[in-house]
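Structure record follows, encoded as structure tokens.
A quick note: this is a predicted structure, and the numbers were derived from the prediction, not measured. Order of the sequence lines sets the chain letters (A, B, ...), proteins ahead of strands, with each chain counted from 1.
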Protein chains: 4
Amino acid sequence: MTSKFLNLHKEKQQRILNAALNEFANKGFDRASTNEIVKSAGISKGLLFHYFNNKKELYLFLHEYFIEILMKEFFTSEHFAERDVFERLKKIMISKSHLMKKYPEIFDFYMSAYIETSSEIKNELTSSHFDLMARSYSRIFENIDTSKFKEGIDMNKAIDIISWTLEGYGNQVMSGVKGLRNSEADFTREFAEADVYIDMLKRAFYK
Amino acid sequence: MTSKFLNLHKEKQQRILNAALNEFANKGFDRASTNEIVKSAGISKGLLFHYFNNKKELYLFLHEYFIEILMKEFFTSEHFAERDVFERLKKIMISKSHLMKKYPEIFDFYMSAYIETSSEIKNELTSSHFDLMARSYSRIFENIDTSKFKEGIDMNKAIDIISWTLEGYGNQVMSGVKGLRNSEADFTREFAEADVYIDMLKRAFYK
Amino acid sequence: MTSKFLNLHKEKQQRILNAALNEFANKGFDRASTNEIVKSAGISKGLLFHYFNNKKELYLFLHEYFIEILMKEFFTSEHFAERDVFERLKKIMISKSHLMKKYPEIFDFYMSAYIETSSEIKNELTSSHFDLMARSYSRIFENIDTSKFKEGIDMNKAIDIISWTLEGYGNQVMSGVKGLRNSEADFTREFAEADVYIDMLKRAFYK
Amino acid sequence: MTSKFLNLHKEKQQRILNAALNEFANKGFDRASTNEIVKSAGISKGLLFHYFNNKKELYLFLHEYFIEILMKEFFTSEHFAERDVFERLKKIMISKSHLMKKYPEIFDFYMSAYIETSSEIKNELTSSHFDLMARSYSRIFENIDTSKFKEGIDMNKAIDIISWTLEGYGNQVMSGVKGLRNSEADFTREFAEADVYIDMLKRAFYK
DNA sequence: TATGAATGAGTTTTCATTCAT
DNA sequence: AATGAATGAAAACTCATTCAT
């Protein structure tokens with residue numbers, strides 16, 4: 001279906017994808033206007049529907065398309081070389097922050113996709129693409145170095161606590177940093193306190 | 001303005017409020033249809049606008065109206081009698097779960113309000129009602145018994161970890177329970193594991 | 001029909017009439033809102049329709065009611081004592097200007113009535129009330145002193161020219177004076193030039 | 001913006017313009033219904049708003065569009081070749097009458113535009129298009145042959161009187177002729193009396 | 001006499017989608 | 001492949017009028 005689209009000039013493809021991404025990211029599925037998309041992509045109304053039969057297919061295509069870009073950069077092997085759970089989760093937290101700075105529109109899009117309430121869309125999303133995200137998510141905890149934990153600790157639960165803590169802390173930081181999106185920050189300063197939390201939990205769970 | 005509305009038959013009031021609550025909870029501000037609301041409330045189109053001058057006022061009224069119902073039940077004094085931070089947060093977590101079971105539509109409504117992207121609404125919400133919620137939220141950590149913590153622990157950070165953990169755990173449980181919303185569960189079974197997490201953190205932070 | 005209305009407290013009558021007059025004067029028949037009228041008259045919706053069965057009857061009643069107030073002051077005998085056509089028309093022009101200053105709303109109302117395009121209203125007006133105005137208008141030229149005109153002059157045409165001239169001049173002046181409505185002007189200054197026009201025509205038509 | 005519209009089939013353009021012109025001429029801006037316009041133009045509701053973004057733009061477009069048609073025919077150079085003020089004004093009066101017979105709807109439209117009270121429209125009109133009309137109007141008195149006037153006559157005032165007279169006479173005639181709009185009259189008979197008025201004033205003001 | 005809740009057809013405008021060119 | 005004219009259902013909101021109290 002969309003193979004037609006993929007044969008297009010790369011540059012035109014990008015214009016269309018970016019126009020759509022921004023519109024959906026800003027307004028969500030229902031409020032997004034195909035009129036705005038074609039206008040800011042500089043193509044005709046008919047052409048959009050020539051490639052993607054309808055709004056929904058366009059949305060779903062974007063979801064699939066950009067997930068790859070994100071995943072490719074996010075799940076680099078380097079994270080998984082690190083077998084210490086604290087270090088790995090901290091790296092992932094920071095790496096996620098960098099991605100949010102680099103591709104804010106894509107993150108906005110997925111954020112809006114996550115909370116998408118449009119009944120038309122909701123079902124399709126949960127069943128197909130979020131599955132992928134969920135599966136990828138589980139890789140985060142693969143092949144952790146378990147030898148460092150104290151004896152008698154319920155390791156899965158310890159890892160839960162560690163990841164909830166880093167997630168909570170990450171959210172706190174990022175919500176404070178939002179305004180600074182364009183700054184040159186490399187997040188070293190912003191995430192400095194992370195080590196305090198990490199130490200507290202290391203003392204609790206590590207030998 | 002809305003005093004007109006409050007003089008109505010209680011039963012009619014409820015029909016209108018529930019119809020609106022459900023529509024907004026399901027679809028968010030923009031997609032919600034006043035047509036649907038009047039249809040499911042069994043009143044005429046004109047009447048809705050007789051009481052609430054426009055869609056926005058109706059939405060804001062709902063926000064204000066249901067917040068009280070929720071707050072009254074949620075912030076009972078009994079939570080704050082408990083000075084042990086673990087016990088208090090566990091009680092609050094369970095109490096929140098009970099409310100979610102009792103008033104799922106109201107929770108859905110506030111969830112959708114929280115992520116509301118409609119620019120018309122966003123500003124009004126953050127400035128007025130969410131302030132109340134934020135202020136109430138901070139009460140959760142008031143007057144905690146600090147004497148139980150180990151010497152040398154950064155207590156605020158410890159409390160952060162505790163609440164992120166219980167929140168994370170609570171979300172995990174509730175997302176698993178969603179389908180069972182109407183069940184008779186009193187959550188004793190569902191939250192049994194909470195104590196494991198609590199013990200792990202108590203051992204880390206308490207004397 | 002409206003005898004009900006005339007038995008009301010004079011003060012309440014006035015509140016209603018003024019509220020309606022202003023609304024119609026400002027917005028014309030169609031755009032005038034009965035809601036606004038009852039609000040600014042401080043009465044209930046039902047009551048307005050109790051007295052005047054519908055918007056149209058209210059409008060027609062106003063037309064009839066205020067015409068009398070205006071006519072009574074406008075067609076004072078004093079104008080008609082003056083038999084010199086120039087003097088009479090000048091007096092009438094000035095007298096009209098004074099009325100416009102004294103009752104601007106009533107003039108606005110009749111102005112808007114004159115140009116009323118609402119098909120509902122147009123027919124009723126032309127047939128009944130404007131007839132009265134037309135008949136009254138013809139009195140303006142009654143019993144003129146014809147002895148002053150030059151021999152061989154078509155007197156009716158001369159009078160046409162005189163009245164078109166004074167009307168044209170009056171309109172020119174009043175459109176310039178509009179902003180000054182509330183000033184204390186007695187129009188002596190504003191109409192000073194009238195005498196120049198009058199002299200030019202006297203020289204042409206009078207012996 | 002409206003260039004889209006001008007690329008349409010001429011015939012369809014005309015259908016739309018005429019439908020709109022008539023509706024606005026009959027009812028004024030506020031009461032005019034876009035529903036009626038599309039119905040009598042035989043197009044869909046959406047199409048009207050595809051070309052003109054909203055009712056106001058449509059109205060303003062009509063104002064601009066028809067003014068040209070009118071102006072082109074009205075301000076022919078032939079009027080201004082005639083330097084005798086009486087002849088020029090008589091020609092203009094007659095020419096105006098012919099236009100009123102030829103394009104009664106356009107005249108009705110501009111009449112209704114002139115008295116338009118809708119606040120949305122009023123400001124836009126006065127500032128732009130009526131300026132043009134005012135400027136064109138002033139051309140009427142340009143380059144008059146002043147040598148014919150008696151010495152000592154205030155020529156500007158004389159011209160005022162002449163034009164008020166011909167205007168007054170013209171209105172009188174046209175209001176009597178209204179019913180006969182479709183007649184074949186070339187107005188020679190109707191305006192025969194004009195010469196009597198003209199002679200009376202010539203005797204007064206000309207050498 | 002007086003109220004104001006209630007109606008529903010009406011308003012302008014938006015929007016995804018189709019289709020002849 | 002590409003255009004953009006065309007559709008019509010749906011949106012929020014208004015308003016004169018009615019009627020039970």
Side-chain angles (χ1 to χ4, degrees), chain A residues 4-5 7-9 12 29-39 42-59 120, chain B residues 4-5 7-9 12 29-38 42-58 120, chain C residues 4-5 7-9 12 29-39 42-58 120, chain D residues 3-5 7-9 12 29-38 42-58 120:
Chain A
K4 286 187 242 165
F5 176 74
N7 292 333
L8 262 182
H9 239 263
K12 198 170 201 174
F29 180 75
D30 282 293
R31 288 172 53 232
S33 156
T34 53
N35 259 338
E36 286 303 310
I37 293 171
V38 298
K39 207 187 293 173
I43 58 165
S44 75
K45 206 84 200 282
L47 196 54
L48 187 73
F49 287 89
H50 178 67
Y51 289 124
F52 309 95
N53 295 316
N54 53 44
K55 198 181 175 183
K56 185 170 154 186
E57 264 186 34
L58 168 61
Y59 188 90
E120 273 189 281
Chain B
K4 285 190 234 167
F5 177 72
N7 291 333
L8 263 183
H9 262 255
K12 199 167 201 172
F29 181 74
D30 282 298
R31 288 179 53 239
S33 158
T34 54
N35 276 349
E36 287 302 312
I37 293 172
V38 300
I43 59 168
S44 76
K45 204 172 280 203
L47 191 56
L48 188 72
F49 291 92
H50 180 64
Y51 290 121
F52 309 95
N53 294 317
N54 51 48
K55 197 181 175 184
K56 187 171 155 186
E57 262 186 37
L58 168 61
E120 269 192 281
Chain C
K4 287 188 243 166
F5 177 72
N7 292 334
L8 263 183
H9 240 264
K12 199 170 200 173
F29 181 74
D30 282 292
R31 289 172 53 231
S33 155
T34 53
N35 260 339
E36 286 302 310
I37 293 172
V38 299
K39 208 188 291 171
I43 60 166
S44 75
K45 206 82 200 282
L47 196 54
L48 187 72
F49 287 88
H50 178 66
Y51 289 124
F52 309 95
N53 295 316
N54 53 46
K55 199 182 176 182
K56 185 171 155 186
E57 265 185 33
L58 169 61
E120 273 190 281
Chain D
S3 60
K4 285 189 234 168
F5 177 72
N7 292 334
L8 261 183
H9 260 257
K12 200 170 201 172
F29 181 75
D30 282 297
R31 288 178 55 239
S33 159
T34 53
N35 275 349
E36 287 302 312
I37 293 172
V38 300
I43 59 167
S44 76
K45 208 172 279 205
L47 190 56
L48 187 72
F49 290 92
H50 179 63
Y51 288 121
F52 308 95
N53 295 316
N54 51 48
K55 196 182 174 181
K56 186 171 155 183
E57 263 185 35
L58 169 60
E120 269 192 282

- prompt: Separation of D:F52 atom CZ from E:dT14 atom C1', in whole Å?
  reply: 18 Å

B:E36 CD to F:dC13 C1', straight-line distance once rounded to whole Å: 17 Å

query: In whole Å, what is the span from the NE2 atom of A:H50 to the P atom of E:dA20?
result: 16 Å

- request: Measure from CD on B:E57 to C1' on F:dA12 and round the result to the nearest Å.
  value: 14 Å

- line: Between CG of D:N7 and P of E:dT21 the distance, given in whole Å, is 17 Å

query: Counting N and O atoms only, with roles assigned by atom type, does the side chain of A:K4 sit under 3.5 Å from a partner on the main chain of A:H50, one being a donor and the other an acceptor?
result: yes

message: With a 4.0 Å cutoff (strictly under), does any side-chain N or O of B:K12 reach OP1 or OP2 of E:dA6?
response: yes

- request: With sequence neighbours left out, write down each residue that passes salt bridge (charged side-chain N to carboxylate O under 4.0 Å, His left out) with A:K56, or none if nothing qualifies.
  value: A:E124

message: Measuring only between side-chain heavy atoms, which start at C-beta, is A:T34 closer than 4.5 Å to A:F49?
response: yes

Nucleotide N/O of nucleotides 14-18 of chain F paired with protein N/O under 3.5 Å:
residue	atom	partner	partner atom	Å
F:dA16	OP1	C:A32	O	2.8
F:dA16	OP1	C:K55	NZ	3.1
F:dA16	OP2	C:T34	N	3.1
F:dA16	OP2	C:T34	OG1	2.6
F:dA16	N7	C:K45	NZ	3.2
F:dT17	OP2	C:K55	N	2.7
F:dT17	O4	C:K45	NZ	3.0

field: Non-neighbouring partners of D:N54 that pass side chain to side chain donor-acceptor pair (under 3.5 Å), sequence neighbours left out
entry: none

- prompt: Looking at residues at least two apart in the chain, or sitting in another chain, which of them share a salt bridge (charged side-chain N to carboxylate O under 4.0 Å, His left out) with C:K39?
  reply: C:E36

message: Applying a 3.5 angstrom cut-off to the pairing atoms, does DNA chain F sit in any stems of at least three consecutive Watson-Crick or G-U pairs? List them by first number.
response: E:2-21 with F:2-21

- request: First locate atom CG of B:L47, then atom CG of B:L8, and finally report the distance between them rounded to the nearest 0.5 Å.
  value: 7.0 Å

query: Does D:Y51 have a side-chain nitrogen or oxygen under 4.0 Å from the phosphate oxygens OP1 or OP2 of F:dG4?
result: no

message: Considering every strand and a 4.0 Å limit on heavy-atom distances, what is the contact class for D:L8: base, sugar-phosphate, or nothing?
response: sugar-phosphate

statement: With sequence neighbours left out, the residues meeting side chain to side chain donor-acceptor pair (under 3.5 Å) with C:K55 are none

message: When you compare the side chain of C:L48 with that of C:I43, does any pair of heavy atoms fall below 4.5 Å?
response: yes

message: In this structure, how many angstroms lie between the C1' atom of E:dT11 and the CD1 atom of D:I37, rounded?
response: 12 Å

- prompt: What is the distance from CZ of D:F5 to C1' of F:dA6, rounded to the nearest Å?
  reply: 14 Å

- request: Could you please spell out the steps behind the side-chain contact (heavy atoms from CB on, under 4.5 Å) verdict for D:L58 and D:N53?
  value: CA-CA 8 Å; D:L58 169 60; D:N53 295 316; over 6 Å; no

query: How close or far is atom P of E:dT12 from atom CD1 of D:I43, stated in whole angstroms?
result: 13 Å

